[in-house]
Amino acid sequence: MNDGIADDLRQIGVVTKYEMLKHVRSRKMMIFVSIAVLLFVLITALNIIFEGGLPKDPTKFMEGYVSIIDLMLIIGVSLFCASTIAAEFEERTALLMFPRPMKRTSFFIGKVLACYIVCGAILIAYYILCMLLSILNTGSVDTNTFGSLGMALMFMLGAGGFALLMSSLFKKGSTAVIVTIASLLLILQIVSGILETFGHEPAFSVTYAAKDIANYISGEVTQSSSFPMPGGGEFNLSVFYPSHLMAFSIMATWAVITTVLSAYLFSKKEF
Amino acid sequence: MIEGLSKKYGEFMAVDDLTISVKKNSFTGFLGPNGAGKSTTLKILTNLIRATSGSAFLNGIDVTKNAKDALMDVGTVVETPEFYTYLTPVETMTYLGKINGMSSESLSVKIPEILEKVKMTEWADKRIGTFSKGMRQRIALGQSLLTEPSVIILDEPTSGLDPRGMIEIREILKQLKTRDLTIFMSSHMLYEVSDLCDRIAMINHGKLLVHDTTDAVMNRTGARMVKIKALGNISQNTLDDIASLPNVLNAGMDDGNISIRLNGGDVEQA
């Protein structure tokens, strides 16, 4: 391997290690772990209170636990990715790091990897916990859970790329976090909802693709229904679900475009 | 070596066709008032911003074209850098040292030495988030020495420190003069530069005014100016009395201040 590339990879490894250490010790790590634990406890408690116990069917069991994974991941990438670039400028640590004999892209890749490793580790831990509980409660695990986990990881990359882009665009980390949450949690959801109401599949939206995280287990397909309108005519209502391939493609496209754009902006950013 | 370096922000030329050649193993002060273009120049040298045109060579490598290699043997303190608050000084220096390719063995020897030098040994394993500005600046200076670079670039290293902090940093800088180091330090304080540096490059409006030994620059400018704020009216007789003192070129009023121009060397002016 070329010495230059080997040195770049070594530096990426160093940055990743210390960025992870920072994340693990940070308050946002505690917040994200607390949210994951809260989600797990809440779904368990709601099942016990309203359904009289946890479902005995492995598919039904896992459906409940992955139903709002996309929400958890939006919070996760907002916490880890949306501030990681902006903070270097806002907190002036760029003055320490940029004069190092290291390419900006190596620094960027190391930072991004650390965000995804930490966020992904908590996601995987959540799935493992759910699967263990499924084994204890139902005696097995729905094998589609692994597909769901794969889609959740892809969504993390797609939504995380967008968070990174916001982090590169805005000077303040808090602004980037707010814009990321508002865009992924509100704006895209509202636009997708409106389009679906008018019978159009929102195939551009990463949050629409995130439906496949739960749907990988529940196996819903797009359905259209017609209702007679008072005074004549019909009202058509469609509930869209992306296919696995479509969901994967949307998430991958978002991940690649937004991450590359973010890396470009970061490499051009001046202090 | 800086060659024809320019940095333009819109229509404003922050650095205007600047050319400076810094001698090896010299301690060069980069002097100028606020807004003169010092920090912009140093930020180009340290890969924080890009030059509009021109070149800046560090150890013969153009930092505007190959920043990674150019900065390999360079230590830097730009303004007051902040540190990752969740890391300790030892962890921070290990992080930075490893980026530079230092081994764990050499870091375990070097870091305690550096912390001793900047008087931060007892804080080695405390998280930097709790440190004062002066302590952070000492850590900043320490990290610039970590890899034993041949070139050190310092941007106003005493800026924002209290008098005690300034003295401590200057003491450390004076110790560095005894080593084979090329130090390029910006400052807007004439006293600081004349006290520490053996050469001075003066800059204003992004242009180099003079670059020579400290003594030659002091003698070339011939006079230093002292301004004293006057609380009451100062008569012409008083000004004439001041002007008649030895080594005083002239004395006059300038916007409510008594302005006294001095000549001669350090001893005479003192």
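Throughout, protein chains are lettered first and strands after them, A, B, ... in sequence-line order, and every chain is numbered starting at 1.
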Exercise. Yes or no on side-chain contact (heavy atoms from CB on, under 4.5 Å) for B:Thr46 and A:Phe98, after CA distance, side-chain angles and deciding distance?
Worked result: CA-CA 7 Å; B:Thr46 53; A:Phe98 287 2; over 6 Å; no
Exercise. Taking B:Glu82 for the side chain and A:Arg92 for the main chain, is one N or O donor matched with an acceptor at less than 3.5 Å?
Worked result: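 Looks like no, no N/O pair under 3.5 Å.
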Contacting region of [X] [heavy-atom separation from chain B under 4.5 Å]:
{"X": "A:Arg100", "answer": "both"}
{"X": "A:Lys269", "answer": "backbone"}
{"X": "A:Val15", "answer": "both"}
{"X": "A:Glu91", "answer": "backbone"}

Given that the side chain runs from C-beta out, which part of [X] has a heavy atom under 4.5 Å from chain A: side chain, backbone, both or neither?
{"X": "B:Arg127", "result": "side chain"}
{"X": "B:Lys43", "result": "side chain"}
{"X": "B:Leu96", "result": "both"}
{"X": "B:Thr94", "result": "both"}

For this session: Supply the atom-to-atom distance A:Leu95 CG to B:Asp155 CG, rounded to the nearest 0.5 angstrom.
Result: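 These two atoms lie 8.5 Å from each other.
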Exercise. Nearest 0.5 Å, what's the CZ-CD1 distance between A:Phe271 and B:Ile49?
Worked result: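 Here the interatomic distance stands at 11.0 Å.
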Seminar exercise, completed: Given B:Leu48, B:Val78, B:Asn47, the one with more heavy-atom pairs under 4.5 angstrom with chain A than any other is B:Leu48
Can you tell me if [X] has over 12 outside heavy atoms packed within less than 6.0 Å of its [atom1]?
{"X": "A:Phe204", "atom1": "CZ", "result": "yes"}
{"X": "B:Lys23", "atom1": "NZ", "result": "no"}
{"X": "B:Lys110", "atom1": "NZ", "result": "yes"}
{"X": "B:Glu122", "atom1": "CD", "result": "no"}
{"X": "A:Met30", "atom1": "CE", "result": "no"}

Exercise. Under 3.5 Å, is there a donor-acceptor pair between the A:Glu88 and B:Tyr84 side chains?
Worked result: yes
Any side-chain heavy atom of [X] within less than 4.5 Å of one from [Y]?
{"X": "A:Asp7", "Y": "B:Lys68", "answer": "yes"}
{"X": "A:Met102", "Y": "B:Asn100", "answer": "no"}
{"X": "A:Pro99", "Y": "B:Val74", "answer": "no"}

Problem set entry | Chi angles and distances behind the side-chain contact (heavy atoms from CB on, under 4.5 Å) call for B:Tyr86, A:Leu21 | CA-CA 8 Å; B:Tyr86 293 107; A:Leu21 183 62; over 6 Å; no
Problem set entry | Pairs of heavy atoms under 4.5 Å with chain B: top-ranked of A:Lys17, A:Lys22, A:Gln11 | A:Lys22
Problem set entry | B:Lys7/A:Glu270 salt bridge by N-O under 4.0 Å criterion |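 Salt bridge present between A:Glu270 and B:Lys7.
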Problem set entry | salt bridge (charged side-chain N to carboxylate O under 4.0 Å, His left out) between B:Glu91 and A:Arg25, worked out | CA-CA 13 Å; B:Glu91 287 165 346; A:Arg25 289 179 181 174; 2.6 Å; yes
